[in-house]
There are 4 protein chains.
Amino acid sequence: MKISEMMEQFLNKDEESNMSEKQKKIVKAAIEMFSEKGFAATSTSEIAKKAGVAEGTIFRHYKTKKDLLISIVMPTIIKYVSPFFAKSFVQEVLENKYESFEVFIRKLIKNRYEFAKRNFPILKIYIQEVFYHEELRGEFQNIFLTHVYEKFIKIVKHFQEKGEIAEIPPESVVRMIISTVFGYMLARFLISPETNWDDELEIELTVRFIMNGLKNQE
Amino acid sequence: MKISEMMEQFLNKDEESNMSEKQKKIVKAAIEMFSEKGFAATSTSEIAKKAGVAEGTIFRHYKTKKDLLISIVMPTIIKYVSPFFAKSFVQEVLENKYESFEVFIRKLIKNRYEFAKRNFPILKIYIQEVFYHEELRGEFQNIFLTHVYEKFIKIVKHFQEKGEIAEIPPESVVRMIISTVFGYMLARFLISPETNWDDELEIELTVRFIMNGLKNQE
Amino acid sequence: MKISEMMEQFLNKDEESNMSEKQKKIVKAAIEMFSEKGFAATSTSEIAKKAGVAEGTIFRHYKTKKDLLISIVMPTIIKYVSPFFAKSFVQEVLENKYESFEVFIRKLIKNRYEFAKRNFPILKIYIQEVFYHEELRGEFQNIFLTHVYEKFIKIVKHFQEKGEIAEIPPESVVRMIISTVFGYMLARFLISPETNWDDELEIELTVRFIMNGLKNQE
Amino acid sequence: MKISEMMEQFLNKDEESNMSEKQKKIVKAAIEMFSEKGFAATSTSEIAKKAGVAEGTIFRHYKTKKDLLISIVMPTIIKYVSPFFAKSFVQEVLENKYESFEVFIRKLIKNRYEFAKRNFPILKIYIQEVFYHEELRGEFQNIFLTHVYEKFIKIVKHFQEKGEIAEIPPESVVRMIISTVFGYMLARFLISPETNWDDELEIELTVRFIMNGLKNQE
DNA sequence: CATGAATGAGACTTCATTCAT
DNA sequence: GATGAATGAAGTCTCATTCAT
């Protein structure tokens, strides 16, 4: 699993850059192992060995193994989930600075695609572990509901009023869009990453699939 | 997680019915625990306690813990994946015994829905563990490719030739259908099972979403 | 530290005799080590080695190391503290079946002496650890207050009314008797066990010391 | 446990006053922790945190953790044990500058009481650890035997010759006095420090108890 | 067949101590 | 002198697996 590319992204961001070298190595090793074998099946000694540090060093920085998991995964999730639906963006959409729903959908998919491409190992860890750790679930729901769901619904209603998309319950619209996009990410990066994907094409097809699927059938 | 209902389904099937009472209890307990906590985080002693048998008894029936996982999960997966695309069914579709693509899609979704509803705990285990155990992955790909993929493609091409759906690469069509359906199952049973779902409606919306999404836009 | 003698006492009592051989070995080893090095400074691996069992075996019988401490020490303490002041005995004293306070004191000292002689390693562990573990402290206070203190006070008052001992606050009488007896046990078994003690004489002196100390000075 | 009061006493004495501020903080923290949790159960990092210094700083001043223990406890013990029986004092007693044994006993008890009151945390540490560390035991026996025991015996014999106390083996007399006084200190400061003690009264009762207990019963 | 005590490898974690800064 | 990150040995505890009963 090539991680180095996305590690640059993750580890050298402003906020995390106050990590020591050893800490970065630990986090890097942990991401690789958790992503490969799962959290529960990865031992701290493996992480230490892969990181080239003593096992005790891990626990100097992270009180428990679970701590390590959470402090790796949560910042990424927050960065994944919130910025796209940040107030400023939503405002721009609603104020008609975005010509059409299609533009919005296309931007959404491309953004998610870029992020997933960079951070897939961590997203994978998250997807696996969210079902077993309340802490992850709780925080995510929080973030998702306050930063994404309502705003997403608002945008959908906006374009329904403008007549661009069909009068389906907005909740179902959101569910279907997320399903489709998420399904693409899953197939692309998790299930069949080794396939030769023509991403440009797939994204375009997905946009059209969603647009047609939701189109107002006069 | 209520399992008893689906256990009837699973444990009393012809093939498994040669299980002893104890074996059934073990399998039932293992499914519940694996589904709840994940395979690696579940201990055999927990399973034994929940099943009301001695720890040793588990190992009399299943050589290792992993053995137990595989022998629980694989038959279910096979049953999930293969019958719908069994030769006989595909033949019927291609021989025009099915009036339209829509009928096919609706039947697909309803079938998957019913199966998932009954077997979700096991499917969840599978979804979680497939990424970490080659055995599971290998067998699944095998089954999927030989029993599903080709046949699915064939059906798609058939309806494209008939002009019912757009001329998109059939692989992408398949991917998008699976994404959409799978996304629905995930939301319905894994992410938000406690929500009050109007399944009839959601299924209908999903069918229309897919149909519109793929419609030949003359 | 010779323990075998008292182990006979402790391990083969009716209640404990349902211990397996291994359990007995573990308890025996634990008592020896705790008594020698203290609870916190004794490792479970030392105990296991000395007991000739695998380390895991300890934890099959005692959930934690502290569990082991408590389940060793508490029964002994209960046996040390309660029987002497059991209702039946106290009744006998108060009903004048015991001629004098001196008989009572002599019996008290001899009984404590015999018990301490047999169980000193465990008593030592208790004395050391009671200050750091609330569980021990709480249970002891309970037992002491309900089974010993009140009854002791009653006996003292009884003999004060009979004019055998001076009219000092009974609480102080009890405190001084206990101090004196306890001080003797401490010197005898803990501080200077290797000294050549003439126990008969010392006990007699102690009895007289207490009797004179408390005598009604006409 | 309020320590500040006695710390003044301990840390600002002539000899120790060459300690740096940090050193004093370390010693203070160590005393508090050792007294509360025991030596073995206290970690150097806890001490460092409580003292507000870095972990390494402790080891700059004390080569090992045990070093810290010994250099805290021993000076106090020496101060506890020796001065009262210093040559000059004993001489004064024997040269009849002290009218009676009772005066001696009363002075002894009051002196021990005052010292214990001030230094109980350290005495507690000592009492706990003396049984596990040869160094402590060895030094103490040394000091006790040369500075206390012989002189104490001499004083007892002196008053026995004067007919003030009974002709009991002087060793037993010493043992009983120490037991009684020590028992009082234990009850007062260790076992029941929260009780509302009337110390004046208790000391007086203890003096009389000992005096009567040892009186020459013509 | 079933049991459950026993095992020992290995999990997570703590801690006294060192050492470069 | 002081710091605190790093260490690695050792600690407590868990667990899949075995085997005598």
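The sequence lines fix the lettering, A, B, ..., with proteins before strands; numbering per chain opens at 1. Heavy atoms only: backbone and side chains are in, while hydrogens, waters and symmetry mates are out. Since this is a predicted model, take the numbers as computed values, not measurements.
K63(A) places its NZ atom 18 Å from the P atom of dC12(E), with the value rounded to the nearest Å. Rounded to an integer number of Å, the gap from CD1 of I26(B) to C1' of dG4(E) is 14 Å. One can place CG of L68(D) at 15 Å from C1' of dC15(E), the figure rounded to the nearest angstrom. Rounded to an integer number of Å, the gap from OH of Y62(A) to P of dT13(E) is 14 Å. Separating the CZ atom of F59(D) from the P atom of dC15(E) is a distance of 12 Å, rounded to the nearest angstrom.
Residues G56(B) and G56(D) both approach DNA chain F. Their nearest nucleotides, taken by heavy-atom distance, put G56(D) toward the 5′ side. Nearest-nucleotide positions on DNA chain F place K65(C) closer to the 5' end than the other of K65(C) and T42(B). A residue-by-residue look at H61(B) and S45(A) shows that H61(B) has its nearest nucleotide of DNA chain E further toward the 5' end. Where F39(A) and R60(D) meet DNA chain E, the nucleotide closest to each residue was compared, and F39(A) sits on the side nearer the 5' end.
The shortest side-chain heavy-atom distance between L69(D) and T64(D) does not fall under the 4.5 Å cut-off. Contact of the L68(A) side chain with the I47(A) side chain is registered, since non-hydrogen atoms from C-beta on lie closer than 4.5 Å. Within the 4.5 Å cutoff, no side-chain heavy atoms of H61(D) are placed close to those of M19(D). The side-chain heavy atoms of F39(B) and K65(B), taken from C-beta on, include a pair separated by under 4.5 Å.
For K66(D), no side-chain nitrogen or oxygen approaches OP1 or OP2 of dA16(E) to under 4.0 Å.
Heavy-atom neighbours of K66(C) NZ from other residues, nucleotides or ligands within 6.0 Å: above the threshold of 12.
For the contact set between residues 46-54 of chain A and DNA chain F, defined by any heavy atom under 4.0 Å, the members are V53(A), A54(A).
One finds the CD atom of E36(D) at 8.0 Å from the OG1 atom of T42(D) (value rounded to the nearest 0.5 Å).
With both ends at atom P, the span from dT21(F) to dC1(E) equals 22 Å, rounded to whole Å.
Of all nucleotides in DNA chain F having an atom under 4.0 Å from a heavy atom of chain B, the first and last in 5' to 3' order are dC15(F) to dT18(F).
T44(A) comes within contact range of at least one nucleobase, with a heavy-atom separation under 4.0 Å. If you check every strand for non-hydrogen atoms under 4.0 Å, S43(C) touches sugar and phosphate atoms only.
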Going by atom type alone, with no hydrogens or angles, which donor-acceptor pairs under 3.5 Å involve a side-chain atom of residues 49-59 of chain D and a protein atom two or more places apart or on another chain?
{"unit_1": "K50(D)", "atom_1": "NZ", "unit_2": "E32(D)", "atom_2": "OE1", "d": "3.3"}
{"unit_1": "T57(D)", "atom_1": "OG1", "unit_2": "A54(D)", "atom_2": "O", "d": "3.3"}

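Listed here is the closest heavy atom pair of S35(B) and Y132(A): O-CE2, 3.9 Å. Considering every non-hydrogen atom in both Y62(A) and V27(A), the closest pair reads OH-CG2, 3.3 Å.
dA20(F): Watson-Crick or G-U partner is dT3(E), with both key distances under 3.5 Å.
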